[in-house]
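A short write-up of the structure that comes next.
Please read all numbers here as calculations on a predicted model, not as lab measurements.
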Amino acid sequence: MYMKSVSQKLGLIFSIALLASSAQAAEIKNLSGKSAGNTGAGNGLAEFANTCKAASQSADLDINNVRTRILNGGDMWWDLNNPRYEIPKVSDANSVRKHSLFAGALWIGGLGRGDGNLRMAAMTYRQRGNDFWPGTLDMNDVSTDPSRCEGWDKMYKVTREDLLKQQASGNTDISKNILDWPAYGNSSIPFGTNQTTDLAPYFDVDSVPGYNPYAGDYPILDPTRSADKNLPKDQPDQMIWFVYNDRGNVHSETGGIPIGLELQTTAFAFQTNDEVNNMTFYRTKIVNRGFEALDQTFFGEWVDADLGNYSDDYVGCDVGRSLGYCYNGDDNDEGVLGYGQNPPSIGVDFFQGPTDTSGIELGMGAFVYYNNDNNPVNGNPDNAIDFYNLLQGKWMNGVCMKYGGNGVNGTVCTKYMFDDGTNPATASYPKWTEKTSGNQPGDRRFLQSAGPFTLLPGAVNNVTVGVVWARTTSGGATGSLNLLKLASDKAQKLFNNKFDLPDGPEPPTVEYQELENEIVLKFLNTDAS
């Protein structure tokens, strides 16, 4: 059985149980060859750092055909050791669980306007430490402290069933999930009234400032939707909310200088009978609490997509769809943890990126891959400059990616690796995929990024991504990839509609009459149904 296990790859010490069978793990390389402090960012690593402990909480997003682990330290889809993006979700404890993702996180970097030094925050596998810690930031001095981090070392989970129960009871039967929702004015949350008037989103039914579930207030996904579209029945079937920041301690993952970011993430999913049942979504509100503008700023979504058997994957992108994806290198995903014949594909839709100072929203501006090896050009990043170059759509040595082959050699610079003919700038060239390049399938990571833009003090940006998944019954790896693109289109429509699923028709009223050896049924109000 082959399982990529971080405890073996990194030598980290975690009290986490491994699978009950032997595992041969792919080692994550290039973690100690460079100094973490060699960032080119001056000597200010601890310039604004406090002494918070690492985030320790997790929660499962598991309402539909996906069961995935979300952590409150800026990373997700793993349990700090093993992959935890199970699809299809199984209930039998003895069944072998198939996973399609290993880990993911937001990356953010830019240059301080005052000194030109690189500010960088990112997460991968916590091999050297963390760049994010739980909790809000104080708006007066852009700081946090251990007590604040500890108080916010929580995750908050609510279901649509909770909301409907509250509504049906006339606000007398309210679950603890709703009562604990960390909306502004809720006195039970840590430092709630002292931090910000804009915490977890809620619908203010009584128009009185402050969250009061007994007056009918309840958690929502999107506070910008009109009142008639914020009904409990219009909310996701499950939402998980948490808040974290990049100023709680030294950035020991990248070695970068802290920025002063507060990040509020909502992970959510819907239970349906179509492709949406195989999707999960993530919206992060990013508030720059810092006092300095950042130039040449980039936001990115980093993905380690291990599709079943991690050792035989390809990656690529669809520029028009802002979709990065992973698919199997052949039509059989071998091994105990593999998906077998006609393996699925998985992708990340980059729905919403940051906005520049003119208010223009930036979409996916680059798609980069790199390998799990020691290569200083396209191997694992090791310091802040490495992370920042990848965010810019460059190799770690600062050289542009080149069209064709593995993207290292060539003459034409590009921002999109393996675009399969979807990049307008290279549309006249032969279609470029890992398969057409003759690449050996392997253990890939990819990064979708947006920028550059200027991040001003106090700026608020929203980054929204969705994970889509598809599997054919007879078309092999290519057939699953084609289905994935159709699923991506459906996810995009859902995003465009502000995640308001269309309401189905009301069921008809049925009258029946029992006769001898037969039952006569009469369907009423059929026009409305």
Which residues share a ring-ring contact (aromatic ring centres under 6.0 Å, His included) with Trp133, sequence neighbours left out:
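Here the qualifying residues are His251.
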Going by the rule salt bridge (charged side-chain N to carboxylate O under 4.0 Å, His left out), which residues pair with [X] if we only count those two or more places apart in sequence or in a different chain?
X	result
Asp62	Lys157
Lys154	none
Glu334	none
Lys285	Asp198

Can you spot which of Val315, Val303, Asn372 makes a side-chain contact (heavy atoms from CB on, under 4.5 Å) with Arg445?
Asn372
Please name the residue in the list Trp107, Trp302, Tyr388 that meets the side-chain contact (heavy atoms from CB on, under 4.5 Å) test with Pro381.
Trp107
Say whether [X] and [Y], considering side chains only, have a donor N or O and an acceptor N or O under 3.5 Å apart.
X	Y	value
Thr144	Asn245	no
Thr472	Ser480	no
Asn65	Asn278	yes

Applying side chain to side chain contact (heavy atoms under 4.5 Å, CB included), can you list everything that pairs with [X], at least two apart in sequence or on another chain?
X	result
Glu150	none
Asn482	Thr478
Ser322	Phe350, Met364
Asn328	Asp312, Asp313, Asp330, Asp333, Pro343, Ala477

Can you name the nearest heavy-atom pair linking Gly255 to Ala384, along with the distance?
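What the structure gives for the nearest pair is C-CB, 4.4 Å.
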Which heavy atom of Arg97 sits nearest a heavy atom of His99, and at what distance?
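The pair with the smallest heavy-atom distance is O-CD2, 3.6 Å.
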Taking the side chain as everything from C-beta on, heavy atoms only, tell me whether [X] gets closer than 4.5 Å to [Y].
X	Y	value
Tyr370	Asn380	yes
Thr436	Lys431	no
Val66	Leu61	no
Met417	Trp432	yes
Tyr244	Thr265	yes
Phe281	Phe351	yes
Thr68	Met76	no
Thr284	Gln264	no

Just by distance, do the side chain of [X] and the backbone of [Y] share a donor-acceptor pair under 3.5 Å?
X	Y	value
Arg119	Leu111	no
Gln448	Val348	yes
Trp78	Arg69	no
Asp246	Leu261	yes
Asp318	Leu323	no
Ser252	Asn130	yes
Asp75	Tyr125	no

Start with the C-alpha distance between Asn439 and Ser437, add both sets of side-chain angles, then the distance that settles side-chain hydrogen bond (donor to acceptor under 3.5 Å, both in side chains), and finish with yes or no.
CA-CA 6 Å; Asn439 291 348; Ser437 297; 4.8 Å; no
Can you tell me how far apart CG (Leu481) and CG (Asp420) are? Round to the nearest 0.5 Å.
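Here the interatomic distance stands at 7.5 Å.
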With sequence neighbours excluded, give me every side chain to side chain donor-acceptor pair (under 3.5 Å) pair touching residues 337-352.
Ser100-Tyr339, Asp349-Ser488, Gln352-Thr464
Taking side chain to side chain donor-acceptor pair (under 3.5 Å) as the cut-off, I'd like each qualifying pair that reaches into residues 392-418, sequence neighbours left out, listed once.
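Pairs touching residues 392-418 that pass the test: Asn389-Gln392.
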Contacts of type disulfide bond (SG atoms under 2.5 Å apart), residue Cys326, not counting sequence neighbours:
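Scan of Cys326 (disulfide bond (SG atoms under 2.5 Å apart), adjacent residues dropped) gives none.
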Do NZ/NE/NH1/NH2 and the carboxylate oxygens of Asp60 and Lys89 come within less than 4.0 Å?
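No, no charged N to carboxylate O under 4.0 Å.
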Kindly determine whether Lys53 and Asp153 satisfy salt bridge (charged side-chain N to carboxylate O under 4.0 Å, His left out), including the steps that lead there.
CA-CA 9 Å; Lys53 295 180 180 179; Asp153 193 16; over 6 Å; no
Are Tyr310 and Phe102 near enough that their ring centres are under 6.0 Å apart?
no
Is the CD atom of Glu161 crowded by more than 12 outside heavy atoms at less than 6.0 Å?
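No, because the 6.0 Å sphere around CD of Glu161 holds 12 heavy atoms or fewer from other groups.
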